[in-house]
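Here's the structure, in structure tokens; my notes come after.
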Amino acid sequence: MSAEATNPAAGPVAPTGPRRRSLPRIDLRRLGRAALLGPTSRDRLPDAIGHVVEAHRAHYPDADIEPLRRAYVLAESSHRGQMRKSGEPYITHPLAVTLILAELGAETTTLTASLLHDTVEDTEVTLDQVGEEFGREVRYLVDGVTKLEKVDYGAAAEPETFRKMLVATGSDVRVMSIKLADRLHNMRTLGVMRPEKQARIAKVTRDVLIPLAERLGVQALKTELEDLVFAILLPEEHEHTHELIADNAARPDDPLAEIADEVRTVLRDSDIQAEVLIRPRHFVSVHRVARKRGRLRGCDFGRLLVLVSEDADCYGVLGELHTCMTPVVSEFKDFIAVPKFNLYQSLHTAVAREDGQVAEVLIRTHQMHKVAEAGVVALGNPYAPAPEDPADGERVDPTRPGWLSRLLDWQEGAPDPDTFWSTLREDLAQDREIAVFRPDGGRLGLPDGATCVDAAYAQYGEDAHACIGARVNGRLATLSTVLRDGDTVQLLMGQDPASEPSREWLEHAHTPAARIAIQRWLATHPSSAEPDAEAERGPEAPSASPRPAADGPATRPGTANAVVDQPGATVRLGGCCTPVPPDEVTGFSVRGGVVTVHRVECAGVARMKSAGRPEVGVRWGDTTECRVTLVAESFGRPHLLADLTEAIALEGAEIVSATVEPPSQQRVRHTYTLQLPDAAHLPALMRAMRNVPGVYDVGRAQTPGA
């Protein structure tokens with residue numbers, strides 16, 4: 001990849017492996033001068049975009065470059081006089097972004113929009129002018145990556161800009177391609193920023209842009225972004241990794257090169273035409289391997305890449321390697337028959353040397369390699385109509401995967417920018433997708449760890465409130481059942497129009513779509529949060545409407561008794577940690593004037609703090625009655641349930657709900673939601689439960705997903 005020197009404060013960046021036919025590094029200062037002084041007549045190509053055109057024609061020899069010439073002329077004249085913080089003319093930025101995309105194989109429309117991507121945001125050029133001069137598609141792409149004004153949106157400008165960009169990506173994935181290239185060039189030149197701004201931008205890149213690059217399959221951008229973020233956020237570990245790579249490069253022998261020669265010999269003797277390359281790991285990859293394996297050996301610093309012409313040749317290579325060398329069978333994965341959700345296809349295997357070193361091997365066709373590196377960018381224009389397509393202007397996006405559809409669905413229900421921003425980061429942190437099938441053969445794409453609750457909302461939207469059960473692979477299952485890749489799930493729907501979701505479902509909802517839909521229903525049906533209704537729904541702390549003093553903090557009557565420093569607020573005890581007096585607690589404001597109260601050691605507290613949510617002061621009031629959820633771990637034996645419930649009753653606690661999980665390895669897990677007349681009696685109750693024969697532990701419930 002090209003454009004500009006990396007962040008000088010970050011140190012050198014490791015090679016990211018064998019590169020496509022690439023161009024020499026570009027001197028942006030020279031480009032800047034050419035941008036200002038180069039010829040721009042209609043009969044001659046401006047000097048400054050010569051490298052862009054050369055890279056573009058390497059992928060599209062017959063491309064019409066006239067739109068690029070006109071886009072450059074408009075961009076250069078519009079940005080003339082503007083300078084970057086690094087000292088170069090501003091035009092060098094859109095040039096560098098466009099060159100990144102050109103080397104990846106982006107088609108002409110994307111490159112045209114890339115040259116213009118900052119004109120509407122930073123100059124007097126309007127979207128209408130862009131549309132009139134370059135057409136509807138270029139206008140749409142430029143609009144998609146144009147930031148919203150902080151003057152209008154304040155602190156919400158960044159999350160709302162990303163929301164706008166993701167919605168635009170739902171109709172045209174090329175929007176996100178431009179944004180990723182834009183962020184890569186900005187990260188390369190981030191060294192001119194203040195350290196605190198570098199860290200802020202690097203964190204957003206880590207949490208949002210890198211996962212999006214992964215999901216769109218643009219590995220070439222993802223790996224370099226990872227290394228640049230690594231250098232900024234973990235400079236000492238980055239330097240240590242740099243030393244490991246340098247020390248390995250200085251060794252006289254290279255076991256990977258020896259294995260590569262052996263592979264070439266095996267394939268040549270088998271008459272298989274293949275290109276065998278050594279693909280060095282990038283910095284973050286080396287760092288991960290070092291943390292996993294400890295001491296690194298020569299083969300740990302890279303992988304072998306075998307490129308062939310046809311799909312069948314991939315399996316031919318695999319057969320020869322497994323026959324003539326020592327395979328590590330546990331390392332075999334077939335991503336050709338079952339591609340990853342981001343279009344990635346390859347065979348993965350590993351072979352071992354006599355000295356115990358193991359070399360990982362990737363086997364793919366040249367086209368698979370192009371897609372593996374560039375993802376959706378390598379598909380050219382995915383919206384160009386085929387000759388047989390109807391000319392009705394309707395777009396069917398073949399690149400829109402399940403994760404993007406889910407994201408676009410739940411973002412509509414996100415009640416505010418903070419919720420959208422924090423939920424987006426959580427969603428993107430789920431790095432594996434599973435395929436779950438319906439009885440009719442339809443497919444639901446869900447994140448790893450999803451439950452039947454998630455499947456219900458993925459299939460039925462808010463109509464899933466009426467779900468009453470499920471069958472997984474033909475057998476009845478609870479809605480909390482975690483689904484696995486390849487499962488078939490049949491959702492059982494009730495007919496009562498007044499059906500409502502249980503608050504307990506929040507504990508089992510893994511996807512934002514499910515959580516937001518349930519929370520929205522609960523927020524609009526406050527009566528469902530009263531203690532009587534809660535008793536029917538299972539383990540969740542009670543919630544009631546506050547009766548605040550006219551000018552004092554909010555408090556709660558009856559069974560919840562937390563007092564918060566926010567007049568008029570509704571107080572809700574977190575079901576994830578079920579706080580009771582005298583627990584040390586804190587609170588956070590959520591939508592609808594509600595303050596949720598959590599124990600300070602709850603995992604949700606750290607999550608909300610990291611998302612920037614301000615804390616609300618909380619203290620316990622005079623009322624001591626409370627509700628708490630306890631989990632008892634025990635060895636299985638006859639009459640255990642009866643003995644436990646008797647011990648609970650003797651301590652004066654009322655059982656609101658109870659569940660007993662099926663025994664596993666002679667161990668049984670009991671979950672009780674209990675009403676206590678006095679919170680101070682909780683330790684004695686837990687001791688009494690532990691004293692029941694067969695019970696080896698009793699603890700407070702912790703539900704991170706709630």
Side-chain angles (χ1 to χ4, degrees), residues 1 6 11-22 214 218-228 230-231 237-267 274-308 314 317-318 320-322 325-328 330-333 335 340 344-366 368-374:
M1 305 280 285
T6 56
V13 175
T16 56
R19 297 155 68 94
R20 303 157 307 284
R21 174 183 175 274
S22 60
E214 167 74 14
V218 195
Q219 294 296 321
L221 299 188
K222 179 213 169 193
T223 53
E224 188 175 350
L225 284 171
E226 282 185 324
D227 284 348
L228 293 167
F230 183 36
E237 295 183 43
H238 178 273
E239 181 59 29
H240 175 65
T241 305
H242 178 268
E243 292 172 359
L244 291 176
I245 294 172
D247 290 345
N248 179 69
R251 292 174 181 168
D253 62 322
D254 184 354
L256 271 178
E258 296 171 6
I259 298 176
D261 287 338
E262 188 177 350
V263 170
R264 293 186 187 101
T265 300
V266 167
L267 299 181
E275 186 178 1
V276 181
L277 305 171
I278 296 176
R279 187 174 178 83
R281 293 184 185 274
H282 63 109
F283 271 35
V284 170
S285 181
V286 172
H287 175 66
R288 288 171 180 158
V289 173
R291 293 184 63 183
K292 179 180 178 182
R293 301 177 185 172
R295 185 175 68 89
L296 298 182
R297 305 176 72 180
C299 286
D300 294 325
F301 287 88
R303 296 185 286 188
L304 298 184
L305 175 64
V306 181
L307 298 176
V308 295
C314 295
V317 169
L318 181 72
E320 293 299 327
L321 294 185
H322 282 199
M325 304 179 75
T326 304
V328 182
S330 61
E331 296 293 321
F332 172 67
K333 296 182 180 68
F335 294 117
K340 289 187 178 182
Y344 177 87
Q345 288 184 289
S346 278
L347 296 179
H348 288 201
T349 189
V351 294
R353 298 205 325 170
E354 292 182 358
D355 64 0
Q357 292 206 57
V358 174
E360 297 180 34
V361 185
L362 312 177
I363 308 167
R364 58 180 72 140
T365 66
H366 291 279
M368 290 175 190
H369 181 57
K370 181 180 179 182
V371 174
E373 289 287 283

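Residues meeting the salt bridge (Lys or Arg N to Asp or Glu O under 4.0 Å) test with Asp355, sequence neighbours left out: Arg353. For the side chain to side chain contact (heavy atoms under 4.5 Å, CB included) test, residues two or more places apart in sequence or in another chain that qualify with Val308 are Ala274, Val306, Asp313, Cys314, Val317, Thr365. Remark: His240 pairs with no residue by the ring-ring contact (aromatic ring centres under 6.0 Å, His included) rule, at least two apart or across chains. Applying the side chain to side chain donor-acceptor pair (under 3.5 Å) criterion to Glu331, with sequence neighbours excluded, gives no partner residue. In this view, Arg293 and Asp300, Glu360 satisfy the side chain to side chain donor-acceptor pair (under 3.5 Å) rule, not counting sequence neighbours. Annotation: side chain to side chain donor-acceptor pair (under 3.5 Å) contacts of Thr241 (sequence neighbours excluded): none. With sequence neighbours left out, Arg303 forms a side chain to side chain donor-acceptor pair (under 3.5 Å) with no residue at all. Looking at residues two or more places apart in sequence or on another chain, you find a side chain to side chain contact (heavy atoms under 4.5 Å, CB included) between Ala260 and Arg264, Val276, Ile278, Leu304. When the salt bridge (Lys or Arg N to Asp or Glu O under 4.0 Å) test is applied to Glu275, no partner is found at least two apart in sequence or on another chain. For Ala359, the side chain to side chain contact (heavy atoms under 4.5 Å, CB included) partners are Leu256, Ile259, Cys299, Val351, not counting sequence neighbours.
The closest side-chain heavy-atom distance from Asn248 to Leu296 is not below 4.5 Å. Between His369 and Leu362, the closest side-chain pair of non-hydrogen atoms is not below 4.5 Å.
Checking each of Glu224, Glu373, Glu214 against Gln219 for a side chain to side chain donor-acceptor pair (under 3.5 Å) leaves exactly one that passes, namely Glu214.
The distance from the NZ atom of Lys333 to the OG atom of Ser346 is 12.0 Å, given to the nearest 0.5 Å. For the atom pair CG of Leu321 and OG1 of Thr326, the computed distance is 11.5 Å after rounding to the nearest 0.5 Å. Within the model, atoms NE2 of His282 and CG of Leu228 stand 11.5 Å from one another, a figure rounded to the nearest 0.5 Å. Within the model, atoms CZ of Arg364 and NZ of Lys370 stand 14.5 Å from one another, a figure rounded to the nearest 0.5 Å.
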Which side-chain N or O atoms in residues 285-292 pair as donor and acceptor under 3.5 Å with protein atoms at least two apart or in another chain?
unit_1, atom_1, unit_2, atom_2, d
Ser285, OG, Arg281, NH1, 3.0
His287, NE2, Glu237, OE1, 3.0
Arg288, NH2, Glu226, OE2, 3.0

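For the pair Asp254 (side chain) and Gly298 (backbone), a donor-acceptor distance under 3.5 Å is absent.
Below 30°, between 30° and 60°, or above 60°: for Phe335 and His348 the angle between ring planes is above 60°, a perpendicular geometry.
Considering every non-hydrogen atom in both Val358 and Ala350, the closest pair reads CG1-CB, 3.7 Å. Shown here for His238 and Asp227, the closest heavy-atom pair between the two residues is CD2-O, 4.1 Å. Nearest heavy atoms, Arg297 versus Arg251: C-NH1, 4.0 Å.
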